[in-house]
Amino acid sequence: MTGFGKSVLSLTDKHISIEIKSLNSKSIDINTRIPQAYREKELDFRKLIAEQLLRGKVDFSIFVENTGTQTPSKIYFRSEERFSRNAET
């Protein structure tokens with residue numbers, strides 16, 4: 001149960017990188033590194049991860065690099081059904 005995933009989104013004014021790493025463990029242990037601007041969504045991230053993974057030591061990180069004038073970014077969650085379907089492919 002060791003895994004790694006990374007996704008990068010490049011916008012005109014920022015680069016957003018999301019990483020998730022997991023190691024084998026008997027229980028679920030989720031650690032997050034999230035910029036202060038997105039802290040309000042931390043519980044949503046934890047819930048989504050815990051719903052998809054039964055166990056493991058999981059490190060979830062979001063990195064934001066501003067490359068121009070800063071504008072607010074919003075985080076939208078996909079439905080659980082759609083997330084599960086995409087994870088299987």
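Quantities reported herein were computed from a predicted structural model and do not represent experimental measurements.
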Spatial distance of atom [atom1] ([X]) from atom [atom2] ([Y]) [nearest 0.5 Å]:
X   : Y   : atom1 : atom2 : value
T2  : K21 : OG1   : NZ    : 12.5 Å
I62 : Y38 : CD1   : OH    : 7.5 Å
I30 : F60 : CD1   : CZ    : 10.0 Å
I28 : Q52 : CD1   : CD    : 11.0 Å
K14 : F63 : NZ    : CZ    : 16.0 Å
F4  : D59 : CZ    : CG    : 10.5 Å

Side-chain ion pair, D44 and R46, N-O less than 4.0 Å
no

Mind running side-chain contact (heavy atoms from CB on, under 4.5 Å) on D29 and V58 for me, showing each step along the way?
CA-CA 6 Å; D29 178 19; V58 180; over 6 Å; no

Would you say E42 and T32 are linked by a side-chain donor-acceptor pair, where the criterion is simply a distance under 3.5 Å?
yes

Please confirm whether the backbone N or O of K57 pairs with a side-chain atom of S22, one donor and one acceptor, at under 3.5 Å?
no

For R33, I'd like to know if atom CZ has over 12 heavy atoms of other residues, nucleotides or ligands within 6.0 Å.
no

Please say yes or no: joined through hydrophobic side-chain contacts below 4.5 Å, possibly via intermediate residues, are L11 and V64 part of one cluster?
yes

